[in-house]
There are 2 protein chains.
Amino acid sequence: MPVMELLNRLGSAARIETFNVDHVLFHRGDATHHMYGVTHGQAHLRRITREGAEIIVHRAQGGELFAEAALFSSHYHCDGIAIAGAKIAVFEKTAMLDLMQRDGAFAVMFCQRMAGQVQRLRSNIELRAMRSAEDRIMAALSLRLGERDTHYELPGTWKGFAQEIGLTHEALYRALKRLEQSKRLKREGRSIQLGV
Amino acid sequence: MPVMELLNRLGSAARIETFNVDHVLFHRGDATHHMYGVTHGQAHLRRITREGAEIIVHRAQGGELFAEAALFSSHYHCDGIAIAGAKIAVFEKTAMLDLMQRDGAFAVMFCQRMAGQVQRLRSNIELRAMRSAEDRIMAALSLRLGERDTHYELPGTWKGFAQEIGLTHEALYRALKRLEQSKRLKREGRSIQLGV
DNA sequence: CGTCCGCTTGACTCAGATCAAACTTGGTGG
DNA sequence: CCACCAAGTTTGATCTGAGTCAAGCGGACG
């Protein structure tokens with residue numbers, strides 16, 4: 001788990017904090033002094049529009065980095081919130097940047113993580129451009145499968161999957177049913193068989 | 001323009017190619033030897049689903065890097081296509097990685113670019129989660145505006161804007177009209193005034 | 001044993017997609 | 001300088017499929 005790796009590498013420039021109620025880690029506009037990593041639970045990036053609506057820009061899960069963009073910006077662009085029950089690793093921004101400058105291999109690894117994220121985010125956007133629920137599901141599954149694979153074990157819940165691809169769970173279940181009826185996939189619980 | 005910067009830094013490990021018809025830069029599954037940058041025109045990342053449907057995973061514009069993920073992967077995950085009329089910078093993968101390893105500042109800069117992209121992509125996804133065209137437009141504009149700004153000059157066309165936020169141009173124009181009628185914005189050509 | 005949550009299905013509604021058509025703008029080339 | 005073509009802009013009519021609300025089932029977990 002790279003969050004743990006980071007904790008070791010940074011030594012005293014890192015620590016872990018635990019929150020048993022929702023807690024604001026930073027406010028939009030604050031000067032950036034830290035980057036974070038989620039070790040347990042969730043953390044959210046949130047933005048308030050000028051009309052007062054709240055939009056969640058990102059939900060980080062256990063194992064993921066959080067607010068990486070802080071490294072490259074003088075102030076935060078969103079509010080950062082640790083959700084009740086979360087354990088959050090806190091890294092000194094300057095120490096991180098130093099480490100990247102000094103250790104090329106580390107910098108490359110960090111870039112790799114970011115590149116992976118960019119890839120996944122892009123795929124997700126293109127996915128959501130598909131109007132039809134059925135196409136969207138099939139495309140999402142295709143993206144998650146290897147080239148020749150035809151079987152897939154859903155990591156989370158179907159409801160969660162629906163959210164990830166931008167559908168309501170009802171729409172998802174109905175589309176799944178149609179896909180099964182037209183023999184484009186078979187499923188049993190959370191295990192999926194493509195084609196036939 | 002950072003693509004140009006890269007060309008200088010990499011010297012003989014970089015070159016520019018021009019394409020007057022659509023051209024496949026690389027196929028999915030090919031070993032990765034190059035990363036690219038778009039200097040003019042467009043390049044697409046494309047994937048073919050097992051049902052034969054084509055999905056465009058990414059459309060890179062002039063000035064953007066293209067297929068950065070190739071740096072961290074042994075083979076391409078998509079097909080890469082230079083659109084007719086494009087000028088594409090071609091960078092040796094190994095030279096890029098070397099440079100990043102050796103030059104910490106360069107690595108940090110590269111990460112910064114990626115971080116910026118991640119931010120924009122995330123915002124975009126959250127944007128598309130909004131059902132209402134009006135909310136979507138207002139939120140998109142809010143994201144592009146500075147905190148206190150109230151005026152904005154649209155960089156591209158309205159039609160392009162519609163695509164970026166996942167609406168048809170018809171839906172966009174109609175929603176704009178409603179927003180104007182309810183005095184939530186005013187516009188004149190491509191210049192926009194929020195509120196009143 | 002009760003509660004929570006994921007799962008599943010039904011009925012209805014509506015906002016945005018789609019198809020169509022006209023007008024404007026801008027740029028190209030003769 | 002004007003004719004012309006391509007692309008953006010604007011509006012109308014219609015339709016459809018996903019959202020919403022509602023309700024019931026079953027398994028997990030304390």
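Computed over heavy atoms, backbone and side chain alike; hydrogens, waters and symmetry mates excluded. Letters A, B, ... are given to chains in the order of the sequence lines, protein chains preceding strands, and every chain is numbered from 1.
Distances shown here put a side-chain N or O of Lys177(B) below 4.0 Å from the OP1 or OP2 atom of dT11(D).
For His23(B), the ring-ring contact (aromatic ring centres under 6.0 Å, His included) criterion is met by Phe19(B), not counting sequence neighbours. In this structure Glu134(B) satisfies the side chain to side chain donor-acceptor pair (under 3.5 Å) test together with Arg178(B), Arg184(B), sequence neighbours excluded. Legend: residues meeting side chain to side chain donor-acceptor pair (under 3.5 Å) with Arg113(A), ordered by chain and number and at least two apart, are absent. Partners of Gln117(A) under the side chain to side chain donor-acceptor pair (under 3.5 Å) rule, at least two apart in sequence or in another chain, are Glu68(A), Arg122(B). The side chain to side chain donor-acceptor pair (under 3.5 Å) search around Gln112(A) returns none, not counting sequence neighbours.
Within the structure, every pair that satisfies the side-chain hydrogen bond (donor to acceptor under 3.5 Å, both in side chains) test and touches residues 88-100 of chain A, not counting sequence neighbours, is listed here: Thr32(A)-Lys93(A). Among residue pairs with one or both ends in residues 153-186 of chain B, those qualifying as ring-ring contact (aromatic ring centres under 6.0 Å, His included) are Trp158(B)-Phe161(B); sequence neighbours excluded. For residues 62-81 of chain B, every residue pair satisfying the ring-ring contact (aromatic ring centres under 6.0 Å, His included) rule, not counting sequence neighbours, is listed here: Phe26(B)-Tyr76(B), His75(B)-His77(B).
For the helix from dC1(C)-dG30(D) to dG30(C)-dC1(D), the terminal axes (five pairs an end, C1' atoms, rotation from four pairs onto the next four) enclose an angle of 50°, given to 10 degrees.
Arg187(B) has its CZ atom 15 Å from the P atom of dG8(D), to the nearest Å. The separation between Leu176(B) atom CG and dT11(D) atom P is 10 Å, rounded to whole Å. Here the P atom of nucleotide dT9(D) and the CZ atom of Phe161(B) are 12 Å apart, to the nearest Å.
Distance alone, capped at 3.5 Å, places no donor-acceptor pair between the Arg28(A) side chain and the Asp79(A) backbone.
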Can I get a per-line list of side-chain donor-acceptor pairs under 3.5 Å for residues 101-108 of chain A, giving both atom names and the distance, sequence neighbours left out?
{"from": "Gln101(A)", "atom 1": "OE1", "to": "Ala105(B)", "atom 2": "N", "distance (Å)": "3.4"}
{"from": "Asp103(A)", "atom 1": "OD1", "to": "Ala105(A)", "atom 2": "N", "distance (Å)": "3.1"}
{"from": "Asp103(A)", "atom 1": "OD1", "to": "Phe106(A)", "atom 2": "N", "distance (Å)": "3.1"}
{"from": "Asp103(A)", "atom 1": "OD2", "to": "Arg9(A)", "atom 2": "NH2", "distance (Å)": "2.6"}

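A donor-acceptor pair shorter than 3.5 Å cannot be found between the side chains of Asn124(B) and Arg120(B).
Arg128(A) comes within contact range of no nucleotide atom at all, as no heavy-atom separation falls under 4.0 Å.
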All N/O contacts under 3.5 Å from nucleotides 17-20 of chain D to the protein, with atom names and distances to one decimal?
{"from": "dA18(D)", "atom 1": "OP1", "to": "Arg131(A)", "atom 2": "O", "distance (Å)": "3.1"}
{"from": "dA18(D)", "atom 1": "OP1", "to": "Ala133(A)", "atom 2": "N", "distance (Å)": "2.9"}
{"from": "dG19(D)", "atom 1": "OP1", "to": "Arg131(B)", "atom 2": "NH2", "distance (Å)": "3.4"}
{"from": "dG19(D)", "atom 1": "OP2", "to": "Thr168(A)", "atom 2": "N", "distance (Å)": "3.3"}
{"from": "dG19(D)", "atom 1": "OP2", "to": "Thr168(A)", "atom 2": "OG1", "distance (Å)": "2.9"}
{"from": "dT20(D)", "atom 1": "O4", "to": "Arg174(A)", "atom 2": "NH2", "distance (Å)": "2.9"}

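First and last contacts of DNA chain C with chain A, using any nucleotide atom under 4.0 Å from a protein heavy atom and ordered 5' to 3', fall at dG6(C) to dA17(C).
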